[in-house]
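Read through the structure below, which is laid out as structure tokens, and then see the notes.
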Amino acid sequence: MTRRQFVNDPQDHVREGLAGFELANARLVRWNRDPSYVVRATPARASKVGLLSGGGSGHEPLHTGFVGEGMLDAAVPGAIFSSPTVEQVEAATRAVDAGAGVLHIVKNYTGDKLNFSIAAELVADDGIEVATVVVADDLATDSDDPGLPGRRGTAAVVTVEKVCGAAAERGASLAELKALGERVADGSRSMALALAAPAHPGEGQPSFELLDGEVEFGVGIHGERGIGRTSFASADELAASLTTPVADALDLVAGDEVIAIVNGLGATHPIELNVVFGAAAGVLERRGVEVARALVGPYVTALDMAGCSVTLTRADAEILDLWDAPVRTPGLTW
Amino acid sequence: MTRRQFVNDPQDHVREGLAGFELANARLVRWNRDPSYVVRATPARASKVGLLSGGGSGHEPLHTGFVGEGMLDAAVPGAIFSSPTVEQVEAATRAVDAGAGVLHIVKNYTGDKLNFSIAAELVADDGIEVATVVVADDLATDSDDPGLPGRRGTAAVVTVEKVCGAAAERGASLAELKALGERVADGSRSMALALAAPAHPGEGQPSFELLDGEVEFGVGIHGERGIGRTSFASADELAASLTTPVADALDLVAGDEVIAIVNGLGATHPIELNVVFGAAAGVLERRGVEVARALVGPYVTALDMAGCSVTLTRADAEILDLWDAPVRTPGLTW
Amino acid sequence: MSGLDAAGARRWAEAFLDAAERDAEALGDLDRKAGDGDFGTNLVTSVRASRARLGDGPLALPADAFSALSAAFMATGGTSGPLFGMWYRELARAAGDGPEIATDGLAAGLAAGLAVVRRLGGAEVGDKTMVDAMAPAAEAVAAAAESGADVVAALTAAARAARAGAEETASLVARRGRASYVGEVARGIVDPGAATLALFLESGAAAVADPNPVGEHRRSED
Amino acid sequence: MSGLDAAGARRWAEAFLDAAERDAEALGDLDRKAGDGDFGTNLVTSVRASRARLGDGPLALPADAFSALSAAFMATGGTSGPLFGMWYRELARAAGDGPEIATDGLAAGLAAGLAVVRRLGGAEVGDKTMVDAMAPAAEAVAAAAESGADVVAALTAAARAARAGAEETASLVARRGRASYVGEVARGIVDPGAATLALFLESGAAAVADPNPVGEHRRSED
Ligand SMILES: Nc1ncnc2c1ncn2[C@@H]1O[C@H](COP(=O)(O)OP(=O)(O)O)[C@@H](O)[C@H]1O
Ligand SMILES: Nc1ncnc2c1ncn2[C@@H]1O[C@H](COP(=O)(O)OP(=O)(O)O)[C@@H](O)[C@H]1O
Ligand SMILES: [Mg+2]
Ligand SMILES: [Mg+2]
Ligand SMILES: [Mg+2]
Ligand SMILES: [Mg+2]
């Protein structure tokens with residue numbers, strides 16, 4: 001059957017979504033229409049470092065849903081699965097600079113890095129200091145080959161935004177935030193698989209087809225094919241196939257603590273995600289690794305893809321304390 | 001293509017999901033395994049009326065995700081789309097009774113009403129006072145025929161749980177809560193449509209098939225067919241087809257205020273829901289009706305159904321004040 | 001022996017559980033077409049719980065078989081779970097602590113079962129629910145008791161009446177239960193609750209008539 | 001007149017926008033097969049913005065056509081947007097404020113465009129990106145400038161070289177951009193960025209050679 005979506009003109013979809021998002025979350029965020037970016041309804045105090053992230057749309061609640069107290073100051077949404085423009089990043093950077101500089105949190109994609117870095121060069125001309133944390137957690141695209149773009153940035157960006165957001169609220173400097181963000185990013189790895197591909201708004205066909213017995217292993221968050229097709233299996237087996245390589249890549253051993261994100265890629269139901277989380281926690285427990293904190297839900301989606309990812313971040317007392325700090329955004333509040 | 005899910009034995013799916021849910025939300029909730037119900041990790045103070053809801057599983061975050069400060073004291077999850085048992089309801093009622101009685105918030109389904117009412121009779125024998133609010137908001141099943149079961153209960157139950165939860169925290173009596181809950185329920189109507197049917201965990205086939213040009217209009221939250229097939233259309237038109245009859249049924253006129261829920265039924269992406277919300281708000285604005293508060297997201301799902309519902313609740317100062325009161329649950333926090 | 005003893009009641013229950021397990025998929029399909037699709041898994045859950053409660057050892061009383069089914073269905077939830085559970089409870093209560101159930105005991109149980117399901121569910125004959133099989137079955141056994149028929153004859157009549165009632169639900173639009181939400185879509189589809197009830201009585205007629213298997217012989221003996 | 005004037009540059013840009021709009025779906029499919037599927041919609045967005053920026057009135061300078069494309073692609077985002085945008089920017093800069101662009105100006109623009117795309121994107125020839133079309137096109141025009149060929153001949157050579165480079169990407173596995181994530185899946189599929197670049201130069205060769213349409217005649221005149 002053809003896939004259908006609630007959509008008017010697909011070209012207007014992202015903007016119409018932002019208009020509805022702003023209206024529904026008017027107490028928390030404000031949408032600047034042109035150039036398009038989302039800022040807090042109540043700006044942070046003057047001396048705080050500004051936190052800006054962004055990227056293609058289609059990953060909601062990421063990033064716009066994480067604008068608010070204790071997390072981002074602004075987010076820049078591109079077209080579906082497309083980096084925002086230089087103009088957007090530049091304007092948002094200027095909007096959130098309060099004199100203490102701006103941290104760009106960028107997922108590792110050519111387009112995002114390109115547009116954020118050109119914008120950073122432009123604002124530097126006006127004396128705005130920008131530091132950048134590149135998040136590159138996706139194990140499926142790990143490689144020693146420097147000619148390749150390296151690991152994609154996926155759900156670990158939520159952890160980086162949360163932890164750096166809390167530290168910024170507490171007065172950390174731009175340099176401290178960059179170091180902290182890089183520490184969290186370096187200590188994070190993810191792996192994802194898809195049970196069904198997403199379809200772009202207004203397009204009837206998914207971006208790829210799978211046979212009944214197959215899952216797409218090692219997918220990213222843009223509906224691109226993964227690194228291979230593996231056999232469909234039980235939730236326990238699929239969860240282990242995601243969790244074990246991530247734990248291995250981080251060299252996790254008994255006694256280590258992690259923050260875990262079992263992230264729904266769009267169409268996967270909360271019960272399924274909880275089942276996967278239970279299985280992932282079991283894998284870690286048998287290894288002696290403690291899941292100190294967890295998020296289970298659709299935080300970084302790939303439109304209506306069916307599937308999930310497992311992200312683990314090495315935790316320590318400082319990171320956990322920042323994780324637990326209050327946050328008040330449309331997508332994450334405690 | 002066959003639908004696939006993350007599932008081990010489908011018979012264990014709900015329980016495995018609850019185990020993962022408890023683990024991921026250990027600071028907020030505790031899962032009593034047998035009989036199965038979810039309670040707050042930290043019980044409410046002694047003199048508070050207990051708030052209990054429940055129903056079939058497959059609607060997550062409803063109801064277990066709404067257990068916590070400011071909302072439910074416990075939730076009783078049945079099998080997928082099946083009412084919980086008398087034994088579960090009875091045990092949960094006893095668990096949350098703190099001497100001030102227990103409010104049962106029940107969606108209007110034969111099975112739910114049956115099992116909650118039998119349980120209420122059983123605990124009454126031991127002097128536990130139970131009052132029941134039946135939520136019946138779904139316009140598609142509205143009928144004057146007393147021989148029919150009447151309107152189904154759908155997303156308005158979230159509003160009832162939120163508002164009554166806040167009032168209970170503030171010390172409202174059982175009778176007051178019943179009256180308040182009925183006022184909110186009576187002032188609520190919903191309408192839903194599906195773009196694709198859900199599939200049960202472990203089952204490859206959706207519960208119905210739609211032609212490309214059709215949407216299933218007037219669906220409930222159990223994957224049953226709706227009251228008719230209508231033409232697939234733009235998001236604006238589909239949103240209006242849901243919003244207008246709901247506003248009509250509530251006789252909303254210029255100057256009225258509402259709480260609006262644009263609810264994702266499972267697989268529908270946040271951008272789409274925001275687009276629908278924007279369109280629904282436009283319909284209301286042209287009518288002079290003010291959307292005083294809104295929730296946009298998957299709050300009452302029907303497994304992985306693609307579709308959404310629009311729920312409107314007449315609001316007044318008291319209801320808005322209770323709506324704004326703090327809430328701290330896995331599924332709703334502010 | 002003209003009544004139904006504990007061994008017969010166990011055979012009945014087990015025959016039903018086998019049949020229900022075999023047909024669960026097909027019955028679930030009916031609910032998928034005109035309800036919410038959970039009937040099949042609910043039934044499998046009930047069947048598994050029933051087997052656990054029946055155990056392997058001999059039953060003390062025929063009522064024990066119905067009590068086991070009652071408890072198992074009550075513990076399943078849904079709509080059909082508690083309704084079947086309450087219905088079996090009445091069969092067990094009518095059987096009391098007697099070593100055998102005669103036709104009049106069965107008639108009393110079916111009448112009480114029908115009454116409790118009607119009270120709790122509010123459905124009447126023609127609403128396309130299990131009541132459409134329960135009511136004619138209760139009538140048939142009441143008539144059998146009146147005419148002094150034995151349990152096997154009574155059960156055979158009940159099974160036939162229940163099946164006819166179940167089949168007739170296909171021509172109806174549902175007025176109770178989740179199938180009532182889909183209007184005309186339900187027409188043409190047999191109600192799974194009614195079909196399951198017919199299956200239960202058919203299993204009884206066969207198992208009680210034909211224990212090992214010398215049923216036809218026994219029947220002429222009674 | 002041996003160079004490319006403002007009217008010619010507008011014809012070129014418009015021919016390209018028509019061709020890009022016509023092929024957007026097919027180019028998007030390539031990205032769907034070996035990337036993330038957004039290339040087609042990105043391209044449509046750029047085309048619409050380009051038309052708006054080009055406007056209807058006559059252009060003052062040939063550079064204005066490239067500046068319009070540059071601004072429109074820069075405003076699109078994605079990877080291809082800013083890279084194409086920066087590439088067009090170099091074409092415009094090389095054209096400067098001259099009333100015509102000669103072959104050497106085109107050669108300078110293509111060389112500078114290639115350089116900025118390589119610097120920003122880090123891709124080399126053979127990485128299966130737009131660079132695989134840009135590099136041979138720049139070489140071809142450099143050779144044309146060396147041999148004193150006119151703009152039409154230079155553009156024709158550039159188009160041929162770019163198309164050959166684009167076609168060759170089909171045999172490659174991507175090492176840059178989102179197609180690099182899918183490994184062998186990308187083999188057999190032409191890179192949409194390279195194909196679009198070839199389309200741009202082909203549109204130029206056709207539109208400039210054949211204004212109204214007396215192109216072949218003009219060419220022999222030069
Ligand atoms: N009000 C009622 N009275 C009697 N039987 C009913 C009633 N509603 C539904 N049923 C029976 O229950 C069956 C459906 O059971 P089940 O699928 O377990 O419940 P649910 O409708 O809650 O999903 C129907 O086939 C019908 O026979
Ligand atoms: N590092 C790079 N250098 C040069 N061109 C690149 C690079 N990465 C990708 N491209 C080009 O960009 C095209 C994809 O563009 P687009 O779909 O807009 O971006 P994205 O990959 O961000 O989705 C590819 O076809 C390729 O030609
Ligand atoms: Mg992209
Ligand atoms: Mg059900
Ligand atoms: Mg059912
Ligand atoms: Mg792309």
Side-chain angles (χ1 to χ4, degrees), chain B residues 10-11 13 35-36 54-58 76-89 109-115 117-119 138 140-141 143 145-152 197-203 205-208 218-228 302-303, chain C residues 24-25 28-29 31-49 70-86 89 116-117 119-124 126-130 173-186 189 193:
Chain B
Q11 290 276 334
H13 196 57
S36 171
S57 292
V76 186
I80 299 283
F81 294 170
S82 273
S83 166
T85 66
V86 170
E87 191 191 11
Q88 287 175 271
V89 179
Y109 296 102
T110 308
D112 290 336
K113 282 171 62 182
L114 212 57
N115 289 288
S117 68
I118 298 173
D138 171 47
T141 41
S143 158
D145 184 344
L148 291 177
R151 292 187 305 269
R152 292 176 289 222
H200 278 248
E203 293 186 5
Q205 295 313 314
S207 55
F208 56 82
V219 294
I221 54 174
H222 299 95
E224 66 271 48
R225 300 217 67 137
I227 50 172
L303 292 172
Chain C
E25 184 71 31
D29 269 343
D31 196 40
R32 213 166 288 120
K33 285 185 185 130
D36 60 353
D38 61 347
F39 190 89
T41 46
N42 289 351
L43 188 58
V44 168
T45 304
S46 302
V47 166
R48 289 189 189 179
S70 174
F73 276 84
M74 285 294 289
T76 301
T79 301
S80 57
L83 290 178
F84 281 133
M86 296 299 274
R89 189 151 162 263
V116 75
V117 168
R119 177 172 70 81
L120 291 172
E124 293 305 322
D127 285 355
K128 194 178 180 117
T129 70
M130 55 177 68
V173 166
R175 295 174 53 80
R176 289 285 167 187
R178 286 185 179 163
S180 69
Y181 300 137
V182 299
E184 283 298 326
V185 168
I189 296 157

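The analysis underlying the following values was restricted to heavy atoms, covering all of them including side chains, and did not include hydrogens, waters or symmetry mates. Per chain, numbering begins at 1; letters A, B, ... match sequence-line order.
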request  = Report the option among B:Ala79, B:Gly147, B:Gly58 that has the most heavy-atom pairs separated by less than 4.5 Å from atoms of chain C.
outcome  = B:Gly147
remark   = Of B:Ile221, B:Leu114, B:Thr110, the largest count of non-hydrogen pairs under 4.5 angstrom with chain C goes to B:Leu114
Could you look at [X] and say if it's the side chain, the backbone, both or neither that has a heavy atom under 4.5 Å from chain C?
X	value
B:Ile80	backbone
B:Gln88	neither
B:Ile118	side chain
B:Pro146	backbone

B:Gln11-C:Thr41 side chain donor-acceptor pair, cut-off 3.5 Å = no
Using every non-hydrogen atom in the two residues, find where [X] and [Y] come nearest and quote the distance to one decimal.
X	Y	answer
C:Arg178	B:Tyr109	NH2-CG, 3.2 Å
B:Pro149	C:Tyr181	CG-CE2, 4.1 Å
B:Leu148	C:Ser180	CD2-CB, 4.5 Å

key: Reference residue C:Arg32; test side-chain hydrogen bond (donor to acceptor under 3.5 Å, both in side chains); the match among B:His200, B:Glu203, B:Glu224   = B:Glu203
request  = With B:Ser82 as reference, evaluate C:Asn42, C:Asp36, C:Thr45 under the side-chain hydrogen bond (donor to acceptor under 3.5 Å, both in side chains) test and give the passing residue.
outcome  = C:Asn42
Under 3.5 Å, which donor-acceptor pairs link side chains of residues 71-82 of chain C to any protein atom two or more places apart or in another chain?
residue : atom : partner  : partner atom : Å
C:Thr76 : OG1  : C:Ser46  : OG           : 2.7
C:Thr76 : OG1  : C:Ala72  : O            : 2.9
C:Thr79 : OG1  : B:Gly111 : N            : 3.1

inquiry  = At a heavy-atom distance under 4.5 Å, which candidate from C:Arg48, C:Glu184, C:Lys33 has the highest pair count against chain B?
reply    = C:Arg48
remark   = Residue set satisfying side-chain hydrogen bond (donor to acceptor under 3.5 Å, both in side chains) with B:Thr141, at least two apart, ordered chain then number -> B:Asp138
key: Residue C:Arg89 excluded, over 12 heavy atoms near CZ under 6.0 Å   = no
ask   = Where on C:Val182 is there a heavy atom nearer than 4.5 Å to chain B: the side chain, the backbone, both, or neither?
value = both
task = Check the pair B:Asp145, C:Arg175 against side-chain contact (heavy atoms from CB on, under 4.5 Å), reporting the backbone distance first and the verdict last.
result = CA-CA 10 Å; B:Asp145 184 344; C:Arg175 295 174 53 80; 2.9 Å; yes
